[in-house]
Amino acid sequence: MAEGDWQQVEPGARVVRQAVFVVEQAVAPALEWDAIDARATHVLISDIDAAPCATGRLFADTEPGVMRIGRLAVLKHLRGRGLGDAVLVRLLKRAAEQGGTRAVLHAQTHAVGFYLRRGFTASGAEFIEDGIPHVRMSRRLPA
Ligand SMILES: CC(C)(COP(=O)(O)OP(=O)(O)OC[C@H]1O[C@@H](n2cnc3c(N)ncnc32)[C@H](O)[C@@H]1OP(=O)(O)O)[C@@H](O)C(=O)NCCC(=O)NCCS
């Protein structure tokens with residue numbers, strides 16, 4: 001598992017996010033590739049042949065102590081093997097290491113159960129982002 005800035009993970013993270021968000025979920029490329037990538041910390045899981053499999057990112061919110069997790073994706077044929085969970089756990093650890101007290105994210109509604117397992121709770125009404133229904137979720141981070 002690699003962790004680093006956008007320059008370090010871009011080739012692999014692009015492959016995963018292009019396949020999952022742009023192709024599978026039909027998110028517009030102009031929305032998928034935003035300026036946040038350049039300042040986020042990224043996690044990338046690749047297989048033994050260095051083929052990219054799963055990714056996610058983390059960045060500081062404007063609210064002090066709040067870390068925002070996003071762009072969590074696993075290639076379709078590799079889901080259900082713990083890769084998404086491994087990315088999430090690593091992002092949570094990093095969020096705490098970076099001094100965060102709270103992690104927040106916009107969960108696609110189909111993935112709410114995935115985040116509930118790792119201590120997130122949902123709040124507020126469902127909303128549409130990039131054409132996909134989402135719900136706000138958050139959890140405290142260990143000191
Ligand atoms: C959501 C996603 C990242 C999950 O990744 P994954 O590698 O398939 O998940 P894991 O195998 O690590 O699952 C870990 C646990 O969460 C559960 N889980 C996985 N997806 C779930 C879902 N959508 N709802 C409820 N539980 C889920 C698994 O059953 C597993 O539980 P178990 O350990 O008790 O068996 C993946 O489905 C994905 O990339 N989806 C498309 C992109 C997307 O929607 N990203 C989320 C944006 S908010």
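By convention here, the first residue in the shown sequence is residue 1. Model, not experiment: these values are computed from the prediction. Counting starts at 1 for both ligands and their atoms, in listed order.
For the residue pair Glu3 / Thr41, no side-chain donor-acceptor distance below 3.5 Å is found, with atom types taken as modelled.
With a 4.5 Å cut-off on side-chain heavy atoms, Val87 and Thr55 do not count as touching. The shortest side-chain heavy-atom distance between Phe120 and Arg140 does not fall under the 4.5 Å cut-off. Between Thr121 and Arg139, the closest side-chain pair of non-hydrogen atoms is not below 4.5 Å. Taking the side chain as every heavy atom from C-beta outward, Ile36 and Arg39 approach each other to under 4.5 Å. Taking the side chain as every heavy atom from C-beta outward, His42 and Asp5 never approach each other to under 4.5 Å. Contact check for Leu88 versus Arg90: no side-chain heavy atoms found under the 4.5 Å cut-off. Contact annotation: the side chain of Phe21 never approaches that of Asp130 to less than 4.5 Å [non-hydrogen atoms, C-beta and beyond]. Counting only heavy atoms from C-beta outward, the side chains of Phe59 and Asp37 never approach each other to under 4.5 Å.
The shortest N or O to N or O distance between Tyr115 and ligand 1 is not below 3.5 Å. Some N or O of Val74 is nearer than 3.5 Å to an N or O of ligand 1, by distance alone. Between Leu78 and ligand 1, a contact under 3.5 Å exists for no N or O pair. For ligand 1, the polar-atom distance check finds no N/O of Ala73 at less than 3.5 Å from any of the ligand's N/O atoms. The N/O atoms of Gly80, backbone and side chain alike, include one that comes under 3.5 Å of an N/O atom in ligand 1. Considering backbone and side-chain atoms alike, Glu24 places every N or O at 3.5 Å or more from each N or O of ligand 1.
Looking only at protein heavy atoms, the nearest one to atom 1 (C) of ligand 1 is Ala111 CB, 4.2 Å. The protein non-hydrogen atom at the shortest distance from atom 11 (O) of ligand 1 is Gly82 N, 2.8 Å. Residue, atom and distance of the protein heavy atom nearest to atom 12 (O) of ligand 1 are Asp85 N, 2.8 Å. Residue, atom and distance of the protein heavy atom nearest to atom 37 (O) of ligand 1 are Arg79 CD, 3.3 Å. Distance from atom 33 (O) of ligand 1 to its nearest protein heavy atom, with residue and atom name: Arg117 NH2, 3.0 Å. Scanning the protein heavy atoms around atom 19 (C) of ligand 1, the nearest turns out to be Phe114 CD1, 3.7 Å.
Contact between His134 and ligand 1 is absent, with no heavy atom of the residue lying under 4.0 Å from the ligand. The closest approach between Arg71 and ligand 1 stays at or above 4.0 Å for every heavy atom of the residue.
In the vicinity of Arg81, heavy-atom distances shorter than 4.0 Å reach the ligand 1 atoms 11 (O). The atoms of ligand 1 that sit less than 4.0 Å from any heavy atom of Gln25 are 41 (C), 42 (C), 43 (C), 44 (O). Those atoms of ligand 1 with a heavy atom of Leu83 less than 4.0 angstrom away are 7 (O), 12 (O). Here is the list of ligand 1 atoms found below 4.0 Å of a heavy atom in Val20: 41 (C), 42 (C). Near Gly113, the atoms of ligand 1 lying under 4.0 angstrom from a non-hydrogen atom of the residue are 25 (C), 26 (N). Numbered from 1 in the order shown, with element, the atoms of ligand 1 that lie under 4.0 Å from a heavy atom of His106 read 48 (S).
Taking the charged nitrogens against the carboxylate oxygens, Asp34 and Arg57 do have a contact shorter than 4.0 Å, which makes a salt bridge. Of the charged side-chain nitrogens involved, at least one lies within less than 4.0 Å of a carboxylate oxygen, so that Arg71 and Glu32 count as a salt-bridged pair.
Counting heavy atoms closer than 4.0 Å to ligand 1, residue His110 contributes atoms from both its backbone and its side chain.
From Thr101, atom OG1 reaches atom CD of Glu63 across 8.5 Å, with rounding to the nearest 0.5 Å.
Distance screen at 4.0 Å: atom 17 (C) of ligand 1 has a protein heavy-atom neighbour inside the cut-off. Contact annotation for atom 35 (O) of ligand 1: protein absent (non-hydrogen atoms, distance under 4.0 Å). Proximity of atom 29 (O) of ligand 1 to the protein is not indicated, since no non-hydrogen protein atom lies closer than 4.0 angstrom.
Heavy-atom neighbours of Glu97 CD from other residues, nucleotides or ligands within 6.0 Å: above the threshold of 12.
Closest to atom 46 (C) of ligand 1 by heavy atom, among Leu72, Val135, Leu105, is Leu72. Heavy-atom proximity to atom 7 (O) of ligand 1, evaluated over Gly84, Ala107, Ala19, is greatest for Gly84.
Under a hydrophobic-cluster definition in which Ile, Leu, Val, Met, Phe, Trp and Tyr are linked whenever side-chain heavy atoms come within less than 4.5 Å, directly or via other members, Met137 and Val89 are assigned to different clusters.
Arg136 forms a cation-pi arrangement with Phe127, by the criterion of a distance under 6.0 Å to the ring centre and an angle within 45° of the ring axis.
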